[in-house]
Amino acid sequence: NAGVTQTPKFQVLKTGQSMTLQCAQDMNHEYMSWYRQDPGMGLRLIHYSVGAGITDQGEVPNGYNVSRSTTEDFPLRLLSAAPSQTSVYFCASSYRGETQYFGPGTRLLVL
Amino acid sequence: AQSVTQLDSQVPVFEEAPVELRCNYSSSVSVYLFWYVQYPNQGLQLLLKYLSGSTLVESINGFEAEFNKSQTSFHLRKPSVHISDTAEYFCAVATGFQKLVFGTGTRLLVSP
């Protein structure tokens, strides 16, 4: 049981490039979320999903897209990276939402 | 909308001393409350949670937190800290099943 996995662990992008951050969980959780963590700001919700085919926006969705085609996977796409998207990104999953299990994070640097 | 305030960005403490990390929240409806811990270069782990019932909740490693509805607080306490408790601690609130709102975090620094 691997829990929540995220790839890559670290990524450097140039402004304007696109990329997809991968997130997978093997706990059959319906709920999945993406957060970004910035110094002094805690974690902020980007997008979340309550099941396959259902996604919704969180607090800071601009510049990010998500889709949920399977229960296991919840990728986060940056269509045109900007320096303001330099951050640490965490994916989380939960059974009903009250206890979220976090992945190890992806550190993204946009130059 | 809900919000969480963690007034202390950093709390230095000596080993074996008691500690309290403060958390206040704002919400017009009933809430679930959480404390998560983040060790260096790791993801967040759930430390303890209040969903309903007893207002005093405990973790397996000696932390406890008390839900105080009148003061809208959920402070985290430990009577005697260890070096290994050095980490960043996040308070979070949720009204539904999915949208967690986090505080800005408190870095606990335990020194010998």
Side-chain angles (χ1 to χ4, degrees), chain A residues 2-10 21 23-25 27 29-52 54-61 66 68 74 87-107, chain B residues 1-10 21-26 29-53 57 59-60 65 67 74 76 87-108:
Chain A
V4 179
T5 57
Q6 292 183 238
T7 56
K9 290 184 178 180
F10 182 73
L21 280 64
C23 174
Q25 51 92 9
M27 297 174 282
H29 285 168
E30 289 296 320
Y31 296 83
M32 296 187 75
S33 305
W34 276 103
Y35 295 87
R36 60 177 290 172
Q37 183 179 25
D38 302 291
M41 301 188 74
L43 280 81
R44 293 178 292 169
L45 182 64
I46 304 172
H47 285 284
Y48 66 99
S49 170
V50 298
I54 306 170
T55 64
D56 204 350
Q57 297 181 350
E59 180 185 356
V60 288
V66 293
R68 185 97 179 270
F74 191 43
S87 187
V88 182
Y89 292 85
F90 289 100
C91 178
S93 75
S94 64
Y95 171 58
R96 292 196 304 165
E98 65 264 23
T99 301
Q100 298 206 17
Y101 296 85
F102 284 80
T106 294
R107 291 184 176 273
Chain B
Q2 301 77 45
S3 65
V4 177
T5 301
Q6 292 182 251
L7 287 173
D8 304 307
S9 60
Q10 189 166 291
L21 306 184
R22 296 179 294 168
C23 172
N24 289 91
Y25 69 92
S26 173
V29 298
S30 297
V31 297
Y32 305 129
L33 293 159
F34 308 83
W35 276 100
Y36 281 83
V37 58
Q38 184 180 32
Y39 298 102
N41 298 313
Q42 294 186 25
L44 278 71
Q45 305 171 31
L46 180 67
L47 188 61
L48 45 75
K49 62 184 176 184
Y50 169 79
L51 302 181
S52 63
V57 291
S59 72
I60 60 174
F67 169 53
F74 192 55
L76 182 69
E88 190 152 20
Y89 293 79
F90 292 92
C91 182
V93 63
T95 57
F97 284 152
Q98 193 57 22
K99 288 188 174 182
L100 273 181
V101 175
F102 285 87
T104 53
T106 297
R107 191 174 300 275
L108 178 62

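Lettering of chains follows the sequences in order, A, B, ..., and the numbering in each one begins at 1.
Looking at B:L51, only its side chain comes within 4.5 Å of chain A, counting heavy atoms on both sides. For a residue to count as touching a neighbouring chain, one of its non-hydrogen atoms must lie under 4.5 Å from one of that chain's; by this rule B:Q45 does not touch chain A. No part of A:R44 comes within reach of chain B, as not one of its non-hydrogen atoms sits under 4.5 angstrom from that chain. Of the two parts of A:Q37, only the side chain, counted from C-beta on, holds a non-hydrogen atom closer than 4.5 Å to a non-hydrogen atom of chain B.
Side-chain atoms of A:W34 do not come within 3.5 Å of backbone N or O of A:G58 as any donor-acceptor pair. Distance alone, capped at 3.5 Å, places no donor-acceptor pair between the B:S59 side chain and the B:L47 backbone. For the pair A:Q100 (side chain) and A:Y31 (backbone), a donor-acceptor distance under 3.5 Å is absent.
Taking A:H29 as the reference, A:S93 meet the side-chain hydrogen bond (donor to acceptor under 3.5 Å, both in side chains) condition, with sequence neighbours excluded. Residues passing the ring pair (Phe, Tyr, Trp, His ring centres under 6.0 Å) test with A:F102, sequence neighbours excluded: A:Y35, B:Y36.
Considering only heavy-atom pairs separated by less than 4.5 Å from chain A, the leading option among B:Q6, B:E88, B:K49 is B:K49.
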